[in-house]
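Per chain, numbering begins at 1; letters A, B, ... match sequence-line order.
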Number of protein chains: 2
Amino acid sequence: MKKLKKTNPIRVMLVDDHPAYRKGMAALIESETDLTVVAETGDGRDALQVYRAKKPDVVLMDLRLPGLGGVEATLAIRKEFPDARVIVLTTFDTDEDIFRAIQSGAKSYLLKDTPDDELATAIRGVHAGKQILSEKLSRRLAERQQRPELTQREMDVLQMLIKGRSNREIGTALFLCEDTVKAHFKTLFAKLKVQDRTEAAISAIRHGIVHLD
Amino acid sequence: MKKLKKTNPIRVMLVDDHPAYRKGMAALIESETDLTVVAETGDGRDALQVYRAKKPDVVLMDLRLPGLGGVEATLAIRKEFPDARVIVLTTFDTDEDIFRAIQSGAKSYLLKDTPDDELATAIRGVHAGKQILSEKLSRRLAERQQRPELTQREMDVLQMLIKGRSNREIGTALFLCEDTVKAHFKTLFAKLKVQDRTEAAISAIRHGIVHLD
DNA sequence: CTGTCATTTACCCGTTCGGGTAAATCAGCA
DNA sequence: TGCTGATTTACCCGAACGGGTAAATGACAG
């Protein structure tokens with residue numbers, strides 16, 4: 001994959017809150033002759049400013065960040081720079097995470113245990129304007145896309161469910177009568193393809209629809 | 001924290017499946033004059049052999065590893081080398097993870113976003129024979145310790161619960177009558193301090209008692 | 001303006017769940 | 001051997017849940 005003609009290297013920006021990981025990633029990228037790191041930050045809130053200042057060719061973005069999440073940071077960057085090429089690089093891989101990342105405009109989604117050479121290939125591919133998604137993650141994305149969207153109310157109810165609330169309690173909290181809550185659960189069960197509330201809770205957590213933190 | 005007298009550096013071994021993270025961590029450690037990396041592996045199964053070969057002073061051990069988990073790897077090492085000083089360094093921090101790590105003989109438990117200097121301090125402290133636990137994680141550990149132990153059967157039932165099974169289904173699967181399952185849930189609810197099965201499921205996941213994978 | 005969809009509430013009914021109580025068996029420990 | 005704790009089962013009862021059906025409102029798009 002080495003370029004025969006000497007060209008300007010692809011300028012990469014790293015967004016990850018683990019200093020050690022940034023350091024390792026930087027070393028890894030610099031070890032490729034056609035890649036170089038021009039910017040780093042560990043905080044999602046700084047990502048846009050840093051992008052503005054450095055105008056990198058490709059951004060490697062973690063999802064779980066202090067301050068602003070990776071998805072929000074990506075959205076912010078792409079709002080101002082619609083051509084920004086962002087690769088999400090993370091340890092988490094729920095359907096929702098992948099979906100939201102791609103929705104937010106990320107061109108690729110890689111797991112942190114991706115082999116070095118694949119990462120380099122992905123950076124080059126994304127820089128060239130391609131969409132790079134592994135077999136496995138494409139499948140995940142497809143699965144997520146065929147799942148019906150949840151409405152706001154359904155999300156609210158799900159959120160309360162994760163807090164361990166009963167139908168009555170959920171009703172009180174959301175200013176609804178119990179029957180309404182039950183109605184929402186009915187459609188929720190159908191959409192998530194589950195039989196009861198416990199399965200719904202687990203499914204929601206597993207797919208990343210809700211978070212425990 | 002620099003040593004005034006030149007001494008042999010503390011020899012560190014890294015066990016983590018992310019190559020980039022290992023690289024960054026190694027760079028970070030080498031940047032300290034009194035620390036050096038003498039061994040690395042990304043697979044828990046290799047950890048013992050590598051330890052045997054290199055006899056490091058301190059091991060930095062990730063928990064989620066391919067092959068053998070970090071806890072099991074730590075146990076294996078400490079069985080043969082009871083004086084082995086292991087620091088668990090991971091992104092996950094459920095009560096159970098912390099508890100099991102310390103149980104397995106780890107001398108410290110650090111999160112991967114621990115600042116560089118704290119990590120170095122921890123390595124030195126553990127090498128000197130100390131037990132290094134942050135305020136926050138000590139509290140977590142204490143919480144876990146005051147939670148009553150779950151019996152094998154209770155774990156079985158909990159496991160089935162996470163699969164979304166009903167009492168009847170759990171009974172069938174475990175060759176028990178439904179009443180027995182209900183009895184186990186009763187004690188389970190009391191031990192986990194929850195009101196119903198959904199809360200139990202969430203609590204178990206949150207505390208790391210069961211895993212979704 | 002009309003159809004679609006989210007949202008809300010209502011009622012009925014059978015099933016499941018959670019709590020209380022009781023008791024038998026078995027293993028390990030004092 | 002007698003006590004403790006895990007495990008098992010049983011019965012009762014009220015509360016919570018899940019499914020079916022129906023319908024009204026409001027918003028938004030065609």
*Which residues pass the salt bridge (Lys or Arg N to Asp or Glu O under 4.0 Å) test with A:Asp156, sequence neighbours left out?*
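Salt bridge (Lys or Arg N to Asp or Glu O under 4.0 Å) list for A:Asp156, sorted by chain: A:Arg153.
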_Taking 4.0 Å as the cut-off, does a side-chain nitrogen or oxygen of A:Asn167 come that near to OP1 or OP2 on D:dC17?_
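Affirmative; the distance criterion is met.
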Nearest-angstrom distance from the residue atom [atom1] of [X] to [atom2] of [N]:
X        : N      : atom1 : atom2 : answer
B:Phe189 : C:dG19 : CZ    : C1'   : 11 Å
A:Asp156 : C:dT7  : CG    : C1'   : 12 Å
A:Leu150 : C:dC5  : CG    : C1'   : 15 Å
A:Ile170 : C:dT8  : CD1   : P     : 13 Å

_Under 3.5 Å donor-acceptor, A:Lys191 side chain and A:Arg147 backbone_ =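 No; judged by distance alone, with no hydrogens or angles, the pair does not exist.
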I'd like a table of donor-acceptor pairs (distance under 3.5 Å, sequence neighbours excluded) in which one partner is a side-chain atom from residues 100-112 of chain A, with atom names and distances.
residue, atom, partner, partner atom, Å
A:Arg100, NH1, A:Glu96, OE1, 3.0
A:Ser104, OG, A:Arg100, O, 3.4
A:Ser104, OG, A:Ala101, O, 2.7
A:Ser108, OG, A:Ile132, O, 2.6
A:Tyr109, OH, A:Phe92, O, 2.9
A:Lys112, NZ, A:Asp16, OD2, 2.7

*Output the residues of residues 196-212 of chain B in contact with DNA chain D, where contact means a heavy atom of the residue under 4.0 Å from an atom of the strand; sort by number or write none.*
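The stretch gives none, as no residue of it lies under 4.0 Å from the strand.
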*For atom CD of A:Gln131, is the number of surrounding heavy atoms from other residues, nucleotides or ligands below 6.0 Å larger than 12?*
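Enclosed.
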_Within a 6.0 Å radius of atom CD on A:Gln195, are there more than 12 heavy atoms belonging to other residues, nucleotides or ligands?_
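Count not over threshold, so no.
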_What's B:Phe185 touching, base or sugar-phosphate or nothing? Going by heavy atoms closer than 4.0 Å._
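Result for B:Phe185 = nothing.
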*Classify the nucleic acid contact of B:Thr187 as base, sugar-phosphate or nothing, counting any heavy atom under 4.0 Å across all strands shown.*
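Contact class for B:Thr187: none.
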_Return a single string for nucleotides 25-30 of chain C, one symbol per nucleotide in 5' to 3' order, where B is base contact, S is sugar-phosphate-only contact and - is none, cutoff 4.0 angstrom on heavy atoms._
------
_Angle by which the axis turns from one end of the helix from C:dC1-D:dG30 to C:dA30-D:dT1 to the other, five pairs per end, to 10 degrees_ =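 End axes: 40° apart.
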Give each protein N/O atom lying under 3.5 Å from an N/O atom of nucleotides 6-15 of chain D, with the pair distance.
residue, atom, partner, partner atom, Å
D:dT7, OP2, B:Thr151, OG1, 2.4
D:dT8, OP1, B:Arg153, NE, 3.0
D:dT8, OP1, B:Arg153, NH2, 3.0
D:dT8, OP2, B:Arg153, NE, 3.1
D:dT8, OP2, B:His184, NE2, 2.8
D:dT9, OP2, B:Cys177, N, 3.0
D:dT9, OP2, B:Thr180, OG1, 2.6
D:dT9, O5', B:Thr180, OG1, 3.4

*Kindly state each residue pair satisfying salt bridge (Lys or Arg N to Asp or Glu O under 4.0 Å) with at least one member in residues 193-213 of chain A, sequence neighbours excluded.*
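Counting only pairs at least two positions apart or across chains, no salt bridge (Lys or Arg N to Asp or Glu O under 4.0 Å) contact touches residues 193-213 of chain A.
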*Tell me, do A:Val50 and A:Val15 make a side-chain contact under 4.5 Å, heavy atoms counted?*
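SC-SC contact between A:Val50 and A:Val15 ruled out.
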*Side chains of A:Tyr21 and A:Leu89: closer than 4.5 Å at any heavy-atom pair?*
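A side-chain contact exists here, since the closest heavy-atom pair is under 4.5 Å.
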*List for me each residue that meets side-chain hydrogen bond (donor to acceptor under 3.5 Å, both in side chains) alongside B:Asp17, sequence neighbours excluded, and say none if there are none.*
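Applying side-chain hydrogen bond (donor to acceptor under 3.5 Å, both in side chains) to B:Asp17 gives none.
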*For A:Asp95, which residues count as a side-chain hydrogen bond (donor to acceptor under 3.5 Å, both in side chains) partner, sequence neighbours excluded?*
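With sequence neighbours excluded, A:Asp95 shows a side-chain hydrogen bond (donor to acceptor under 3.5 Å, both in side chains) to A:Arg140, A:His207, given in chain and number order.
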For residues 180-188 of chain A, which side-chain donor-acceptor pairs fall under 3.5 Å, sequence neighbours excluded?
residue, atom, partner, partner atom, Å
A:Thr187, OG1, A:Glu154, OE2, 3.0
A:Thr187, OG1, A:His184, O, 2.9

_Quick test of your reading: applying side chain to side chain donor-acceptor pair (under 3.5 Å), list the pairs with at least one residue in residues 67-90 of chain A, sequence neighbours left out, ordered by first then second residue._
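Matches after skipping sequence neighbours: A:Arg52-A:Glu80, A:Asp62-A:Thr90.
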*side chain to side chain donor-acceptor pair (under 3.5 Å) contacts in which one or both residues fall within residues 38-48 of chain B, not counting sequence neighbours*: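 Sorted result for residues 38-48 of chain B: B:Arg22-B:Glu40, B:Asp43-B:Arg45.
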